[in-house]
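What follows is one structure encoded as structure tokens, with my remarks underneath.
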Amino acid sequence: MSDIIEITDFSAPELDVYARLTEAQLMNRFEPAKGMFIAESPKVIHRALDGGCRPVSLLMERKDITGAAREIIARCPGVPVYTADEELLCALTGYHLTRGVLCAMRRPKLPAVEEICAGASRVTVLENVMNPTNVGAIFRSAAALGMDAVLLTPGCSDPLYRRSVRVSMGTVFQIPWTFTDRWPEKGMAQLRSLGFRTAAMALSESAVSIDDRHLMSEEKLAIVLGSEGDGLTNATIAICDYTVKIPMYHGVDSLNVAAASAVAFWQLRKLGGNEQ
């Protein structure tokens, strides 16, 4: 059974994770085994638990103990539950807990590229996508539209930032993902060694349309998406097997990377896969 703890001292060190640590401090780059992240809302917390993430503590309003968080508490025996009324929690965290429940969790160990690509037919690579909202939205589209895994270059925003997790609706715990080293040379070589052809989503006169039949028929395909504003680097485009564009109308030259990802994932998904 969990220990219900009424908050009386805002300065208690066990509340630092919710009130005083930055995202970078939570990540704990110098001691990865001690790194944490915050999952917000019952749905997201359930998905994190389903994904094997280990809870450290919970923070919620009193009413949620027997309400929205009842099943979560039951799944976290022995995990401390910190609680207070809405006004006190707002003073502690600096914002209203509109989704009711926060859970501090240990960061899982990241798998190797080879591990998450084993058996995959469609993966996406994010190159220097820095906005946490975009990262979360791309993960949600990847989960919904048939991607098997997500690879991120070191310049990307962390998928376990609180906003990324929230925007993804917890799909960051459902789609396998990891960071790749020395992109694009080493990362691209790894993908090729695993049998993937690569498709750079980029504006170019030589680009093929996203509905190109050769592109769509590739058995194993990695869809590479670039940063907000600048797009993919020239080095990445030059190494990829395909340069691909989404046809546009009314003089629009491009889509936001999150919107473009949804179009690409739907069009290039592996037919006969996991559609429901």
Side-chain angles (χ1 to χ4, degrees), residues 17-18 23 26-27 35-61 64 67-76 79 89 93 95-108 110-111 116 120 122-126 129-152 156-179 223 225 228 255-270 273-276:
V17 64
Y18 300 107
E23 296 277 14
L26 285 172
M27 184 184 289
M36 289 191 285
F37 67 93
I38 301 295
E40 183 177 344
S41 87
K43 176 180 284 189
V44 169
I45 295 169
H46 277 301
R47 285 181 171 171
L49 293 171
D50 291 343
C53 296
R54 294 186 294 119
V56 175
S57 65
L58 290 153
L59 179 71
M60 66 189 68
E61 293 181 43
D64 290 317
R70 180 171 53 85
E71 292 183 7
I72 291 171
I73 293 172
R75 294 186 66 180
C76 302
V79 173
L89 289 180
T93 62
Y95 57 89
H96 290 283
L97 301 185
T98 55
R99 293 167 182 81
V101 186
L102 300 180
C103 183
M105 294 182 143
R106 292 289 180 199
R107 293 182 65 90
L110 290 180
I116 70 169
R122 292 293 184 268
V123 303
T124 187
V125 182
L126 307 187
V129 178
M130 295 174 282
N131 186 308
T133 297
N134 284 336
V135 170
I138 292 169
F139 265 88
R140 189 172 181 179
S141 293
L145 302 174
M147 295 297 105
D148 299 310
V150 178
L151 304 179
L152 304 101
C156 283
S157 176
D158 179 21
L160 293 184
Y161 280 172
R162 186 182 302 188
R163 184 160 183 80
S164 292
V165 172
R166 183 169 68 245
V167 172
S168 82
M169 293 298 293
T171 54
V172 294
F173 309 115
Q174 296 178 311
I175 296 292
W177 62 273
T178 196
F179 282 93
I223 302 165
L225 296 155
E228 303 87 348
L255 297 174
N256 165 274
V257 65
S261 75
V263 175
F265 298 163
W266 170 255
Q267 182 67 42
L268 301 175
R269 71 198 188 283
K270 184 69 174 177
N274 299 320
E275 298 100 330
Q276 294 184 353

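Just so it is clear, the structure is predicted and the values come from calculations on it, not from any experiment.
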Hey, could you give me the [atom1]/[atom2] distance between [X] and [Y], rounded to the nearest 0.5 Å?
{"X": "Asn131", "Y": "Ser164", "atom1": "CG", "atom2": "OG", "result": "8.0 Å"}
{"X": "Asp64", "Y": "Leu102", "atom1": "CG", "atom2": "CG", "result": "10.0 Å"}
{"X": "Trp177", "Y": "Cys156", "atom1": "CH2", "atom2": "SG", "result": "10.5 Å"}
{"X": "Leu152", "Y": "Ser157", "atom1": "CG", "atom2": "OG", "result": "9.0 Å"}
{"X": "Arg166", "Y": "Glu40", "atom1": "CZ", "atom2": "CD", "result": "4.5 Å"}
{"X": "Leu145", "Y": "Leu268", "atom1": "CG", "atom2": "CG", "result": "11.0 Å"}

Ion pair check, Asp158 and Arg163, cut-off under 4.0 Å: no
Charged N to carboxylate O below 4.0 Å: is that the case for Arg75 and Asp50?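 Salt bridge present between Arg75 and Asp50.
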Pairing residues for Arg140 by the salt bridge (Lys or Arg N to Asp or Glu O under 4.0 Å) criterion, not counting sequence neighbours: none
Can you name the residues that form a salt bridge (Lys or Arg N to Asp or Glu O under 4.0 Å) with Arg70, not counting sequence neighbours? none
What do the steps show when you test Leu225 against Thr124 for side chain to side chain contact (heavy atoms under 4.5 Å, CB included), and what is the final call? CA-CA 7 Å; Leu225 296 155; Thr124 187; 3.6 Å; yes
What's the shortest heavy-atom distance between [X] and [Y], and which atoms?
{"X": "Val101", "Y": "Ala69", "result": "CG2-CB, 3.7 Å"}
{"X": "Met36", "Y": "Val17", "result": "CE-CG2, 3.9 Å"}
{"X": "Ile116", "Y": "Pro111", "result": "CG2-CG, 3.2 Å"}
{"X": "Pro55", "Y": "Met105", "result": "CA-CG, 4.0 Å"}
{"X": "Ala258", "Y": "Ile138", "result": "CA-CG1, 3.9 Å"}
{"X": "Cys76", "Y": "Leu49", "result": "SG-CD1, 4.0 Å"}

Yes or no on side chain to side chain contact (heavy atoms under 4.5 Å, CB included) for Ile38 and Leu26, after CA distance, side-chain angles and deciding distance? CA-CA 9 Å; Ile38 301 295; Leu26 285 172; 4.1 Å; yes
Validation row: [X], [Y] side chains within 4.5 angstrom (heavy atoms):
{"X": "Val167", "Y": "Val135", "value": "no"}
{"X": "Leu110", "Y": "Phe179", "value": "yes"}
{"X": "Val165", "Y": "Val44", "value": "yes"}
{"X": "Leu58", "Y": "Ile72", "value": "yes"}

When the aromatic ring centroids of Phe173 and Phe37 are compared, is their separation below 6.0 Å? yes
Would you check if the side chain of Asp148 reaches a backbone N or O of Val123 as a donor-acceptor pair within less than 3.5 Å?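 Not confirmed, Asp148 side chain does not pair with Val123 backbone.
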Full working for side chain to side chain contact (heavy atoms under 4.5 Å, CB included) between Leu126 and Val150: CA-CA 8 Å; Leu126 307 187; Val150 178; 4.1 Å; yes
Lys43 and Met169: CA distance, side-chain angles, deciding distance, side chain to side chain contact (heavy atoms under 4.5 Å, CB included) verdict: CA-CA 7 Å; Lys43 176 180 284 189; Met169 293 298 293; 3.5 Å; yes
Evaluate whether atom CD of Glu228 has more than 12 neighbouring non-hydrogen atoms of other residues, nucleotides or ligands under 6.0 angstrom away. yes
